[in-house]
Structures are given as structure tokens and as C-alpha cells.
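Whatever order the structure lists them in is the order used to number ligands and atoms, beginning at 1. Source: prediction; values computed, not measured.
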Amino acid sequence: ELPVLLREYRPPAWRVDHVDLEFDLGIHRTRVDARLTLRRAGPAGEPLFLDGEGLRLVSIALDGRPLDVTEYRLDEHGLTIAQMPDGAVLHTCVELDPSTNSALQGLYLSGTPEHGFLLTQCEAEGFRRITFFPDRPDVLARYTTTLRADPARFPILLANGNPAGTGLLDDGRLWARWDDPHPKPCYLFALVAGRLEVLERAFVTAEGRAVTLRIYAEADAIDRCGYAMDALERAMRWDEEHYGRCYDLDVFHIVATHDFNMGAMENKGLNIFNAKYLLADPARSTDDDYRHVEAIVAHEYFHNWTGNRVTCRDWFQLSLKEGLTVFREQQFSADMGSHVLKRIEDVQLLRRAQFPEDAGPLAHPVRPDRYSAIDNFYTATVYDKGAELVRMLAGRLGPAGWRRGMDEYFARHDGEAATVEDFLAALGEANEVDLRGYLVWYAQAGTPQLLASGRYDAAHRTYTLELRQHTAPTPGQDVKQPLPVPVRLALLDAGGQPLPLRGASAQAAVSECVVELRDAQAAFTFVDIDRPRAASLLRGFSAPVRVEAGFGADDLAFLVRHESDGFNRWEAAQQLARLAFDRVLAGDLRAAEIGVWVSTVSALLDDNRVEPALLAELLTPPDALELAERCEPFDPAAVYRAREFLEKSLAQVTGARVAARHGQLVEAEQGALDGASQSRRRLAGRCLGLWMRADPTAAAEVAARRAAQAPNMTERLAALTLLAHHGAPQAEAALGDFAARYADDPITLDKWFALQAQIPAEAAVERVAALRADSRFNLRNPNRVYALLRAFAARNLVAFHRPDGAGYALIEDCLVELDAINPTTASRLAATLKDWKRLEPTRRVLLQASVERLAAAATSPDLADILRRTLA
Ligand code: HT7
Ligand code: ZN
């Protein structure tokens, strides 16, 4: 199939003013009547084309007149009517079978035919599997939806918008009508029908609108929705206070399902959530789970303005809603917890997922200029790098300017489908600055490298910072442009205090400033300044770049000890660990850098001013996926071993202290959810991890007790993971107990699958193969596929990359089967194969052969597209 190109965008030839949908719902047969009020928007004579896939057309009529088969054409992509008046009502009636829809796009069944419920997923192109329609985001219409079904089987009937009546028909069926007054693209359409319980709360917006908030879930899950409800209320208030955005319907509904391809979906007034990101309770949820629920509830809610009220003109603009909404969610989560820890978490995610994507064969710009399968572009680049671009823009404008710019964006484009250019124009014009220079960030793939060097001139008392940028070629983009790179910085004295900064044309001195590198290189001079002990660069990670400042271990150790910016303190510890890692990998096990890292971070254990969660992060070397990026060619087992050497070196020095600290931290543990308790648990987990390496016998005994008895899931899971990953004698019994205890809870059982998938031992291949064959595994359930297979392929450096290729063969085998079931899940799993070219030769040959076989066998456009680009 030919790719869709950004430069070929054309406005729609037909607009739809109103959509009247009627559903006669059944698990095996659903009938959809659609009446579209159509208006010509393009040149006279242009045919009407409506997307439609897998639909059985029952009848078709134009302005009430049934059409003859010669008056329309049907193919596998849709329906064409050549002769059309300029305005008309088109009535189509189609039938579909939700029970056989294993792709989980369009209308499908969650759970079993006997007990499950019906729901929809339309983003990106699922609406065309429900009815014939111009399935593109720039066709905005008002929808009325009527649902009819057997009330015994489907007592709850939900769709977008406000309730507009319900009752019983003469034949005993239940009907419910929903009216959505806000024009929306069809990807935001949703319905839900089934037997569900409800949690309800009243909310009054700052504008005085009374809103009923309802969360629906199956009976065994409804008691676990309270935290999500609280999070929703917090998010609604926060958006009012920080962006002046109020909710705009009388009801806001959320529904939980265990069968979902992604995290959640922001359908207008009817969000649908993967249960994993909605349900939470103290006995079964970790602190990370709680944070994810809060963040994703907020993310979907924030889409009501950034995505729904202002939507995207086309799917190339996906980051316009996703990058912006991730950024808003990051701001919210930081306000709800710790700004420093949230920034660390965001940057870790960027480095583990987005930087490798940007450096490999699947690299693409935040705004791609072509796609073959749009579902493959819901990526870390579009979401997380996109959020970093928004963060740079917000930083450039400052808090008041950012708010002014966003107000202008909403004022200009409410009810419209916008572009990245529209966004930059609204932000810039509201503040009288030209932000078009940032368009290059949207158009250019690859992570820029920033080279920094500082020079002090004692005679003139000046400090000059030289910055250079370079972006390596990426697939299809050989030549790169310089980007505007904001660098937030301070210059520190020997006590770690910021020195007063004055530019050459200086007015008042500041303790921190932002310089913007616009060209390939530039120099920035600060005058009248003492000799700095160290430069603190890219504070708060002010741009998504890799920095190379040539700092040695002593400079970095100084920053770890003295840096006042919490994020940069952590960053210095990470850089120091990276230097140590490079030495270990080179075989220099006695290198000074290793000792400096160990002594610097271990000393922090005695500093009770360091907040426990931050201390846990300071004591942790970068993730293996980040470190892997430093190796060319990439030997996964060697990366694992080198990182483990660092862990053990630190453990040897800290052994007794971390054991004692662990004891203190868990002594008073009650499982409370406040920030301080969560922070203590994070450090307890880290201490136990180090202790496990220092004294495996003693630590494993404690871990076995905590896995069985700790009063919270965070500790239980951390302890169980350590037992399993360190091959402790207690591991198998503890794994068995855990599985038995949570046998009825799919979300918790997924944790059990995922932790075993990541056991860093070659024998984990056989374990994963056995788990795949286990009756509890189900290839039709995306959460289970991600828990077992994606965790294995993405995170198990030792077993997935076993030199005999057994790990590759296992995933290859699963992918062939999965492609026929669920192409979205298959291509997300296949994206883990992207690094084959960087591997050392033995593994490279094996993985390449596997990817080639898969590419030849792939049947879905999604999987074929990922594999073709992976091989290119
Ligand atoms: N906007 C949502 C995207 C989404 C999706 C995309 C493709 C296939 C299935 C999907 N489910 C949800 C998620 C979000 O809020 O970013
Ligand atoms: Zn989103």
C-alpha cells in the first residue's frame, strides 16, 4: 500500500453536519443504522467516498430513496457514490459481529460472550469498522446515538454526550439515547453496553455547571475505583485552576475493561480505560500503580480540551494533542507529588524508550511526514519527545506567557481541527514572539548531541561557555538542521553556591539563566565573575538532547555532593555511573571512576537531609536499556554483567548500612499512601536490592518474609522480584504463593508474568515458553501479551538475547500467531526487535533472519510496516 503523505493533505470534499446513529446491539450480531447529513465542501462533481471495513451492507438510501447497486460502489476500503447532490441525508444500515473482533478496534466484546460487555475503540481508524463514514479527524459532526438491547443482558447503555431519554420498547428491549452537543471527529465516538456496576460522585465546575461523574466497572472491580474517582476530581480542579478550562457536559463517564490495546481512550464524555490504569486498592496496587492511575486519569481528562475541543487536522498532527496532553499531565503529576522526582521519572522514560527509538531504524519526527499504518505512530517520540517540545515552548514563554498563549490557542481553535503551525502561531502571537524556529524540532528526527566546554579568563574575569550541536542522520533524513536548544544553567562556586551571572550587555545579575543555542555553534560569555568550580548545565533537562561536557569523575562527584538543583544532582550521579560503566565494559575493573562513583553515592546514605526517594534514585545506576545505547556493537549479556558489577561494587561498600536502613524503613510500615510513606518504600526497595547483592542469604530470608507478609504490594512485589531475579532458594515457593493468592485478579497476575519474563538468566527462555503454554496465558489479551512477551523481549537482555537464538525464536513464533489475532498488539511487540543491526555479529545474524522470516509472513499492514522499516 502507498504511504499517506503530509504534503498531500487536502481538506475534506464532504462535511457531515449531523450523525444520527441507531444500534441494535447483540454479542454476535449488531445492526447499525447511520443517517449522515452531508454537505459538499469540495468542487462540484467530486464523488462521495466513505471509509468502511468489514461491514455487511444491509441497505442504503439517499434522501429516503433506496439506491440501486449501480449507484454506488463497494470495495474493501469503503463506499463510493459518484452522483451526489450538494447536500443530502445518506442512510446506511450495516451488520457486524462484535464477538469475532479480536483486533479490539471498532465494536468488540470484552470478556466472554456469556458475561462480557460490548464497547468501542475508534482512534485512530476504528470508526470505519462500525459504519461507513469519512474516517478522518478533520470532519467534525454533532452526534445523536440511540442504543437498543435486551435489558437482562445489557442493562447499562452508554454513549458520548448528555443523556437524552431512555425507556422500554414494545418488544421488551431497553433503549437509551445520547446527545453530544460538541462537534467531534469520529475517532472520539464511543459506546458501552453491558452489565456494569457504577460509582457516582457530584461535581460542580468553577462555572457552576453540575456534573455527575460516574465510573463503571464489572462487579468484582467496582470497589477498586475510588482512587480513580478522587484523581479525576483533582484533575478537573487542576485544569480549572491552571488553564481556566472547565468541563462542558452534564455527565463524565469512565468505563474499565481488561481487553484494551493501549492505556486508555479519551472519547468525548465517555473515557474507556484499560483496567490496569483505573483500578487501585492498597492490597493489590503498588505505589507506581497509584501514580499511573492518577496520571492516566488526568491525561484522558485533559484531552477534553487538548484533543477533543481542539482536535487534530490529520494524524500527522498527532503530537499536537498527545505531546501537549502528556506535558499537561506531567505538570499535574508534579504538582500532586514531587517536582524533582517527576522530572527524573520523565527523563528516565525518555532515555529508555524515546532515545533508543530516535537512534534506530524506527526513528521518525515528532510530526512524521508519511505513514503506512497510523497505529504504529503512537510512539515515545510522538508522546514523550512531543511533550519535551511543549516544555521548551512553555519555558521560552514563562508561566504567564504560556497561559496567555494557551488561552489564545483555545480561543482561536475551539471546535476546530488544528495543526502544529496553528499552535505555534497562537502561542507566539499572544506573546509577540516568533516561535516558528521550533518547527524544525517537529520535523527532524534524531536526538541532538550537545557539546559544551567552558573557559575561564582570569585576567578579564569572564567565563565563556561554548556550545555546539550535532544530530546524526536518521532513516530518510541525511542532512540535519541546527535546532533552537534552550540551556538552563548555573555556575557554581566551591561551596556549590550559584555565582551571580551577568551577560556582556548585563543588567541585574541572576543565579541561573537560560541561553538559547540557535546555530550549529555559539559562545556565551559571562562577565565580572569569579572562577567557577563547576558548571551546572541543562538544569531540569531543559532540552531533549544528549550532553557531552567532558566532565571528569571529580567534577561529577562535586556536583553530586553540592548541586542544589535536585534534578541535576541526580543527573550528575547518572553521568558518574555512566563513566564507571564504560570502564567496566572496557575490562578496567579497577578504574578510578568506579571507586569515585561508589564512594560518592554511598556517602549519601549517611546524609539524612536527602529525601528517601531521591536517595534511592541517586543510589541507582542508569537502567540497562540506557547503558546499552553506549555500546556499539551491542553485546546484551556484557551490558547486563557490567551493570551488575557496578551494583555489586556499591553493595559491597554499603552492605551493613543498607541492611540496617532497610530494617528502620520497614519497621513502622503501615501501607499508608501519603508521599512520605511512598518515599520510604522506594528507598526500602533499593536498600533490599543492594543488600541482596551484598549478603544474599540474609537478605533473601527477609525478602521471603516481606513477599509473604508486607502490608503493601510495593514491598511484596519488590521482594518477590529480588528473590526470583537473584535465583534465591525461596523464589519458587514465593512465586507459587503469589500466583495462588492472586489467581482471580488478572492485573496482579500480570505482575507475576512480567517479573518472571525478566529473570536475568538464560533458562528464563524455557520459563517464558512454559508460561506461554500455561492455561492462564491468553494471546488474545493485550495486557497478558505485554506482561509476558513484551517484558521478555524488551527488558530481558540475558534470556531474550541468548546466543543460541532461542529467545528470538520464541518471540517469532508468538508474533506469527498474534498477527492474525491483533495486529496492533503484534506490531507493538515487534517494535522490540528494532535493535538487531546494533547487535554483535552472532546475535545479529540470528535476529536478522528472524525479522526477515517474520516480514515475509506478516499479514497485517501494521506488522508489515514495522518490520519493513526495521529491516530498511
Ligand atoms: N488517544 C489514545 C490513543 C489510543 C489508541 C490508539 C491506537 C489504538 C488503540 C488506542 N487506544 C487508545 C490514548 C491516549 O490518551 O493517548
Ligand atoms: Zn493521549
Side-chain angles (χ1 to χ4, degrees), residues 53 101-108 110 119-130 135 137 160 184-190 192 232 235 239 254-268 270-278 292-312 315 317-333 349 353 366 371-387 390 781-783 785-786 822-829 831 860-863 865-866:
E53 279 175 18
N101 180 354
S102 59
L104 314 188
Q105 300 228 42
L107 179 67
Y108 67 96
S110 174
L119 75 163
T120 53
Q121 170 57 38
C122 292
E123 188 174 359
E125 295 179 335
F127 195 67
R128 63 186 64 182
R129 296 168 191 232
I130 295 175
D135 191 354
N160 316 90
K184 64 169 179 285
C186 66
Y187 81 85
L188 291 172
F189 171 82
V192 171
L232 174 62
D239 213 16
I254 297 181
V255 177
T257 169
H258 288 288
D259 297 292
F260 205 69
N261 283 334
M262 307 261 279
M265 179 62 212
E266 69 266 22
N267 314 298
K268 181 75 188 188
L270 178 51
N271 287 188
I272 295 181
F273 268 64
N274 187 330
K276 175 174 158 53
Y277 296 114
L278 193 76
H292 292 150
V293 168
E294 180 176 70
I296 297 179
V297 166
H299 177 106
E300 303 312 325
Y301 176 74
F302 296 154
H303 267 313
N304 191 53
W305 276 94
T306 48
N308 299 6
R309 290 284 289 253
V310 182
T311 194
C312 301
W315 291 122
Q317 322 294 327
L318 182 58
S319 194
L320 179 66
K321 74 179 178 83
E322 295 304 347
L324 178 53
T325 304
V326 170
F327 173 68
R328 275 154 48 73
E329 172 270 301
Q330 290 175 348
Q331 289 183 304
F332 166 79
S333 297
L349 180 68
V366 169
Y371 62 78
S372 297
I374 188 57
D375 281 358
N376 287 340
F377 283 84
Y378 288 77
T379 59
T381 298
V382 166
Y383 276 64
D384 303 312
K385 185 173 178 181
V390 174
N781 180 259
N783 282 0
V785 170
Y786 298 145
N822 186 332
T824 309
T825 311
S827 68
R828 289 167 80 77
L829 176 58
S860 73
D862 300 52
L863 185 62
D865 169 60
I866 283 282

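Residue His303 forms a side chain to side chain donor-acceptor pair (under 3.5 Å) with just one option from Thr325, Thr311, Asn308, Asn267, and that option is Thr325. Applying side chain to side chain donor-acceptor pair (under 3.5 Å) to Asn822 and the options Asn781, Asn261, Asp862 leaves one that passes, Asn261.
Side-chain contact between Arg828 and Met262 is present, with heavy atoms from C-beta onward closer than 4.5 Å.
Per-residue contacts place Glu300 under 4.0 angstrom from the following atoms of ligand 1 (heavy atoms of the residue considered): 14 (C), 15 (O). Atoms of ligand 1 found under 4.0 Å from any heavy atom of Lys321, numbered from 1 in the order shown, are 1 (N). Close contacts between ligand 1 and Glu322 involve ligand atoms 1 (N), 14 (C), 16 (O) [criterion: under 4.0 Å to a heavy atom]. Within ligand 1, the atoms closer than 4.0 Å to a non-hydrogen atom of His299 are 14 (C), 15 (O), 16 (O), numbered from 1 in the order shown. Close approach of ligand 1 to His303 (heavy-atom distance below 4.0 Å) involves ligand atoms 14 (C), 15 (O), 16 (O).
Residue Lys184 qualifies as enclosed at atom NZ: its count of foreign heavy atoms under 6.0 Å is above 12. Atom OH of Tyr187 sits in a crowded spot, with more than 12 heavy atoms from other residues, nucleotides or ligands closer than 6.0 Å.
Of the options Phe302, Phe273, Tyr383, the smallest heavy-atom separation from atom 14 (C) of ligand 1 is shown by Tyr383. Looking at Gln105, Met262, Glu266, it is Met262 that brings a heavy atom closest to atom 4 (C) of ligand 1.
A side-chain N or O of Glu322 and one of His299 form a donor-acceptor pair less than 3.5 Å apart.
The angle that Glu322 OE1 and His299 NE2 make at the Zn ion (ligand 2), rounded to 10°, works out to 110°.
Taking only nitrogen or oxygen atoms, main chain and side chain alike, Glu123 reaches within less than 3.5 Å of ligand 1.
Closest protein heavy atom to atom 13 (C) of ligand 1: Ala264 O, 3.0 Å.
In this structure, Gln121 contributes its side chain and Glu123 its backbone to a donor-acceptor pair below 3.5 Å.
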